[in-house]
Amino acid sequence: MKKYEQIFKELEHDITSGIYQAGDYLPTENELTQTYHMSRDTIRKALSLLAEAGLIQKIHGSGSQVIKRETIDFPVSKLTSYKELVDNFGINSKTNVISIDKLIVDEKLVALTGFSKNSLVWRVIRQRVVDGTASVIDIDYLDKKIVPNMTREIAEKSIYDYLENQLHLSIAYAQKEITIDQLNDRDKLLLDIGAEHHVVSIKSKVYLANNQQFQFTESRHKLEKFRFVDFATRKNLLPTKH
């Protein structure tokens, strides 16, 4: 990662964690060059990335002002639990556990989840209310051999916290698929849809460090509430051989 990208990530964290609030001004370019011991050009590149990400606006004669975020940036490339997202971004959110049940995986669920036919899974359905608006439905399927118990309290607080800190599982990576889907009956019932006709669906197969799948989850989000972001870099090209 280049120096200006590192500075961008640090300032981004300071903004999203609330160190700099909406309306605050970042330190001046001169102050940032002294803080990071970098050139003014490097600092300007980092500030440009912040502006492109919709986190600041450049005000002539005043500096870089933090913008109030009407949408929530959802980092699609990271394996982040909803509770971690809420805590990191200071989101006003409540989780309602709609249902917890056990299912035997049939052919339809094999195609959807990737779990073996006739295996036993937990299905947990949760509604996420953000700033008083029902904005997300999470439908989780968890391999019961790996996760033997599931309670409403665990589902309401954080399933990943339970898996990592009580079951001591090592959650490693996920394969994700992001689509724009038509509303279904569950969306209409559990989301504050308004005039919308679509949701953003993120389907994830999640694996432990030993490459064993333990979870399939589908998160269905209101289009207007979240902005799905990634931060990508391009590797240096190898020198051409002559």
Side-chain angles (χ1 to χ4, degrees), residues 69-115 119-144 147 149-163 171 174-206 213-229:
R69 293 179 295 123
E70 299 297 336
T71 58
I72 298 166
D73 286 350
F74 198 103
V76 295
S77 64
K78 297 180 180 179
L79 186 49
T80 305
S81 73
Y82 184 82
K83 186 176 187 305
E84 290 168 340
L85 182 71
V86 166
D87 292 345
N88 289 341
F89 286 82
I91 299 169
N92 176 26
S93 177
K94 178 185 177 183
T95 294
N96 296 319
V97 179
I98 305 302
S99 63
I100 301 174
D101 51 8
K102 287 181 284 187
L103 302 175
I104 297 174
V105 175
D106 58 15
E107 291 183 359
K108 185 177 179 180
L109 279 182
V110 169
L112 174 68
T113 67
F115 288 124
S119 59
L120 194 60
V121 297
W122 295 105
R123 181 177 63 182
V124 182
I125 301 177
R126 293 174 290 180
Q127 177 196 61
R128 314 292 196 172
V129 180
V130 181
D131 295 326
T133 300
S135 301
V136 184
I137 304 169
D138 282 334
I139 307 112
D140 291 284
Y141 297 85
L142 299 145
D143 188 336
K144 194 174 183 300
V147 186
N149 297 306
M150 181 53 55
T151 67
R152 183 169 292 271
E153 182 181 10
I154 291 169
E156 190 173 80
K157 290 183 177 179
S158 172
I159 291 177
Y160 274 22
D161 179 71
Y162 169 68
L163 298 181
I171 302 170
Q175 295 175 337
K176 297 188 179 185
E177 173 187 291
I178 303 174
T179 56
I180 306 297
D181 289 0
Q182 292 276 356
L183 295 176
N184 61 34
D185 290 340
R186 182 187 283 143
D187 298 331
K188 296 174 184 177
L189 179 66
L190 296 179
L191 293 177
D192 291 330
I193 292 298
E196 298 174 25
H197 299 286
H198 299 83
V199 294
V200 178
S201 168
I202 304 179
K203 298 182 180 72
S204 304
K205 294 179 180 178
V206 193
Q213 182 187 349
F214 74 94
Q215 178 189 29
F216 172 85
T217 185
E218 180 178 10
S219 294
R220 298 177 69 82
H221 302 74
K222 276 175 61 69
L223 285 170
E224 66 181 27
K225 197 65 180 177
F226 295 89
R227 183 176 68 167
F228 298 88
V229 298

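Owing to the predicted nature of the structure, the values given are computational and were not obtained by experimental measurement.
Distance alone, capped at 3.5 Å, places no donor-acceptor pair between the Lys102 side chain and the Leu120 backbone. Remark: side-chain polar atoms of Gln127 are paired, donor with acceptor, to backbone N or O of Leu190 under 3.5 angstrom. Under a 3.5 Å cut-off, the side chain of Asp87 and the backbone N or O of Glu84 do not form any donor-acceptor pair.
Applying the side chain to side chain contact (heavy atoms under 4.5 Å, CB included) test to Asp181 and every residue at least two apart in sequence or in another chain returns Thr179, Val199, Ser201, Lys203, Glu218, Arg220. Residues passing the side chain to side chain contact (heavy atoms under 4.5 Å, CB included) test with Thr151 are Glu153, Ile154, sequence neighbours excluded. Not counting sequence neighbours, the partners of Asp101 by the side chain to side chain contact (heavy atoms under 4.5 Å, CB included) test are Leu103, Arg123. Listed by chain and number, the residues in a salt bridge (charged side-chain N to carboxylate O under 4.0 Å, His left out) with Lys94 amount to none (sequence neighbours excluded). Residues passing the side chain to side chain contact (heavy atoms under 4.5 Å, CB included) test with Glu156, sequence neighbours excluded: Val97. Residues that satisfy the salt bridge (charged side-chain N to carboxylate O under 4.0 Å, His left out) test with Asp143, not counting sequence neighbours, are absent from this structure.
Nearest heavy-atom pair, Ser204 versus Lys176, reported as atom, atom and distance to 0.1 Å: OG-CG, 3.4 Å. The two atoms that bring Phe214 and Ile171 nearest to each other are CZ-CG1, 3.9 Å, heavy atoms only. Closest of all the heavy-atom pairs between Thr95 and Ala155 is CG2-O, 4.2 Å. Here the closest heavy-atom approach between residue Phe115 and residue Tyr141 is recorded as CE1-O, 3.7 Å. Annotation for Leu109 and Ile104: closest pair CD1-O, 4.4 Å, computed over non-hydrogen atoms. Of all the heavy atoms in Val147 and Trp122, the pair that sits closest is O-NE1, 2.7 Å.
Within a 6.0 Å sphere centred on NZ of Lys144, other residues, nucleotides and ligands contribute more than 12 heavy atoms.
A distance of 3.5 Å separates OH of Tyr160 from CD of Gln215, quoted to the nearest 0.5 Å. Note that CD1 of Ile137 and CG of Asn184 are 7.0 Å apart. Values are rounded to the nearest 0.5 Å. Atom CG in Leu142 sits 11.0 Å away from atom OG1 in Thr113 (nearest 0.5 Å). In this structure, Met150 CE and Tyr162 OH are separated by 6.5 Å, a value rounded to the nearest 0.5 Å. Taken from CG in Asn92 to OG1 in Thr133, the straight-line distance is 10.0 Å, to the nearest 0.5 Å. With rounding to the nearest 0.5 Å, the separation of CG in Asp187 from CD1 in Ile193 is 6.0 Å.
With a 4.5 Å cut-off on side-chain heavy atoms, Val130 and Lys222 do not count as touching.
No side-chain N or O of Tyr82 forms a donor-acceptor pair with one of Ser219 less than 3.5 Å apart.
The pair Arg128-Asp138 meets the salt-bridge criterion, with a side-chain N (NZ, NE, NH1 or NH2) lying under 4.0 Å from an Asp/Glu carboxylate O.
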